Amino acid sequence: MQNSNSVTVKYLIVGQGLVGTWMSYHLDKAGIPYKIINDPNIQSATSVASGVINPVTGRRIVQTWMIDTILPYAVAQYKDIATTLNIDIIRTAPIILIHPSDQMKESFEYRLNHENIYLFKQDSTKWEPYFKTPFDTGAIDDCYWMDLNTMTQYWKEYLQQNNHFINDRFNFNDLQLNDSGVEWKNIQAETIIFCDGLNSMHNPYFNALPFAPNKGQALIVKIPGLPNEHVYKNNVSIVPWADELFWVGSNYEWTFSDNKPTEDFKAKMIESLNQLLTLPYEIVDHIVGIRPANTQRRPFVGTHPSYPQLAICNGMGTKGCSLAPYFTKQLLEHLEYGKGIEPEADVKRFASILKEINKN
Ligand SMILES: Cc1cc2nc3c(=O)[nH]c(=O)nc-3n(C[C@H](O)[C@H](O)[C@H](O)COP(=O)(O)OP(=O)(O)OC[C@H]3O[C@@H](n4cnc5c(N)ncnc54)[C@H](O)[C@@H]3O)c2cc1C
């Protein structure tokens, strides 16, 4: 039953981290009516992410999943939003690999000579004023760095100015499903799209998905004199953050009891920085986030098999920067035009467990 204050939109989005930002951006560009709810008091992974897209991964330095398709799309989209908002948020940032051991150097050189697109040689002497380089250096091309906090903040202001943004906490007790879609407080929508990161673990419709949250910490460190056009990688990553500030991290904690910074992590980073840097540095902050990761390392994208008015875009894990622009667009085209979703990402692969939950 609609009351006189009710608002009707086509889509209601929950969460304005990376995923909610991209979901709303695509809807906005398509001119489709939407609202987006976000509670800034709920910690977001996006706000502590280093914002790097690296096309290769792991100790074996192999290409990441779907990178040939996803990377050019993501870069074009970040440039597009930067132009729309008139902000400077994306830059190329080759990763300088300061090999931490002979083994890592050999691994790099093997890949350099086998099926390599992204790796190239580096002259170590160029980096000697800043780092100790006993095992030489290499580099990865086609890497990008995004200023995610500036992007989400400016996009939030745009959403507020255009009356799309609701500063509130979404609670399932306020959600009703009906024949025409959903109703939340005074808002009617055809579809609700959950882009609420870790919070989807508590979503009664989607909590059977195999989430595997992963805690990551980083230090924000002032390193005067270190060039900030590159990302540096050794046992730690050193990523430009703002002016003379660098993001230093991270770790991957699969078991943890809280989302607080730990002294143990800080001590490890200090040890690594002391071994690596020849420049003085000063720690200015210690930040923590929980990645909405999952056991399959593939996103959760699509609609609920029993409730088509419930959609989800989640499970971006360690790769939200590259995956979010692409999969939010796929979800939009699926909802609007019935286009297919990449099978490895489609939430329908969990149809049996999602249906079982509904029966109970
Ligand atoms: C230390 C660290 C470093 C990382 N570095 C990188 C990197 O370099 N490159 C990369 O690609 N990825 C990186 N990641 C991963 C990346 O941060 C995530 O993949 C991505 O941010 C996930 O975005 P999201 O929108 O799904 O979730 P989130 O960013 O967590 O956003 C969820 C949003 O939903 C809101 N919300 C939740 N519940 C509710 C509710 N009930 N009501 C209202 N609002 C709600 C929250 O406030 C939040 O704004 C890193 C992560 C960590 C922790």
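It should be emphasised that the depicted structure is a prediction, and the values quoted were computed from it without experimental measurement.
- Identified under the side-chain hydrogen bond (donor to acceptor under 3.5 Å, both in side chains) test for residues 277-302, with sequence neighbours left out: Asn214-Arg291, Gln217-His286, Ser250-Arg291, Asn274-Tyr281, Gln296-Arg349, Arg298-Glu344.
- Between Asp168 and Trp184, some side-chain heavy-atom pair lies under the 4.5 Å cut-off.
- The environment of NZ in Lys222 is sparse: at most 12 heavy-atom neighbours from other residues, nucleotides or ligands sit within 6.0 Å.
- Within the 4.5 Å cutoff, the side chain of Met104 has no heavy atoms near those of the Phe108 side chain.
- The pair Asp258-Lys215 meets the salt-bridge criterion, since a charged nitrogen lies less than 4.0 angstrom from a carboxylate oxygen.
- Using cut-offs of 30° and 60° on the angle between ring planes, the pair Tyr232 and Phe131 is tilted.
- Taking CG from Leu276 and CD1 from Ile98, the interatomic distance works out to 5.0 Å, rounded to the nearest 0.5 Å.
- Inter-residue side-chain proximity for Gln122 and Pro94 is flagged as unmet; no heavy-atom pair is nearer than 4.5 Å.
- Shortest non-hydrogen contact noted between Glu336 and Lys10 is OE2-NZ, 2.9 Å.
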Dump the intermediate steps for side-chain hydrogen bond (donor to acceptor under 3.5 Å, both in side chains) on Thr84 and Tyr25, then the final yes or no.
CA-CA 10 Å; Thr84 303; Tyr25 189 72; 2.7 Å; yes

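- Minimum heavy-atom separation, Pro292 to Ala45: CD-CB, 4.0 Å.
- Note that CG of Leu354 and CG of Leu209 are 5.0 Å apart. Values are rounded to the nearest 0.5 Å.
- With 3.5 Å as the limit, one finds no donor-acceptor pair spanning the side chains of Asp264 and Thr262.
- Using a 4.5 Å cut-off between side-chain heavy atoms of Ile, Leu, Val, Met, Phe, Trp and Tyr, with links allowed through other members, Ile117 and Phe120 fall into different hydrophobic clusters.
- Looking at Thr92 and Cys143, their side chains never come closer than 4.5 Å, going by heavy atoms from C-beta outward.
- A donor-acceptor pair under 3.5 Å is absent between the side-chain atoms of Gln188 and the main chain of Gly181, judged by distance alone.
- The only member of Leu148, Val19, Thr21 that meets side chain to side chain contact (heavy atoms under 4.5 Å, CB included) when paired with Thr46 is Leu148.
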Go through it in stages, so that I can follow the logic: the residues are Phe300 and Phe206, the test is ring pair (Phe, Tyr, Trp, His ring centres under 6.0 Å), and I'd like the CA-CA distance, side-chain angles, deciding distance and then a yes or no.
CA-CA 10 Å; Phe300 302 142; Phe206 288 108; 9.0 Å; no

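- Between Ile89 and Ala82, the shortest heavy-atom contact is CG1-CB, 3.7 Å.
- Counting heavy atoms of neighbouring residues, nucleotides and ligands inside a 6.0 Å radius, atom CG of Asn162 exceeds 12 of them.
- Residues Asn178 and Gln176 have side chains that never bring a donor and an acceptor to within less than 3.5 angstrom of each other.
- Put simply, OH on Tyr11 and NE2 on His26 are 13.0 Å apart, with the number rounded to the nearest 0.5 Å.
- Ring to ring, Phe170 and Phe194 are close: their centroids are under 6.0 angstrom apart.
- The closest side-chain heavy-atom distance from Ile61 to Tyr110 is not below 4.5 Å.
- Scanning both residues, Pro213 and Ile290, for their nearest heavy atoms gives CB-CG2, 3.7 Å.
- Asn86 and Tyr154 are not linked by any side-chain donor-acceptor pair at a separation below 3.5 angstrom, with hydrogens and angles left out of the test.
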Run the side-chain contact (heavy atoms from CB on, under 4.5 Å) test on Val75 and Lys79 for me, step by step, so that the C-alpha distance in whole Å, both residues' side-chain angles and the decisive distance to 0.1 Å come before the verdict.
CA-CA 6 Å; Val75 171; Lys79 287 183 178 167; 3.8 Å; yes

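- Using a 4.5 Å cut-off on side-chain heavy atoms (C-beta onward), Val62 and Thr57 make contact.
- The CG atom of Asn235 lies 8.0 Å from the OG atom of Ser101; values are rounded to the nearest 0.5 Å.
- Proximity of Ile95 to Val56: side-chain heavy atoms (C-beta onward) are nowhere separated by under 4.5 Å.
- Here NZ of Lys185 is found 15.0 Å from OG of Ser6. Values are rounded to the nearest 0.5 Å.
- Both Leu323 and Leu27 belong to a common hydrophobic cluster when Ile, Leu, Val, Met, Phe, Trp and Tyr are linked at side-chain heavy-atom distances under 4.5 angstrom.
- Ile140 and Leu71 fall within the same hydrophobic cluster, where Ile, Leu, Val, Met, Phe, Trp and Tyr residues are linked whenever their side-chain heavy atoms come under 4.5 Å apart, directly or through other members.
- Of the N and O atoms on the side chains of Glu157 and Gln161, not one donor lies less than 3.5 Å from an acceptor on the other residue.
- Lys35 contributes a side-chain N or O that, together with a main-chain N or O of Asn163, makes up a donor-acceptor pair within less than 3.5 Å.
- For the ring-ring contact (aromatic ring centres under 6.0 Å, His included) test with His230, the passing option among Tyr130, Trp145, Trp127 is Trp127; the others fail.
- The residue from Trp155, Tyr73, Tyr78 that alone fulfils the ring-ring contact (aromatic ring centres under 6.0 Å, His included) condition with Trp22 is Tyr78.
- Counting heavy atoms from C-beta on, the side chains of Tyr158 and Ser24 never come closer than 4.5 Å.
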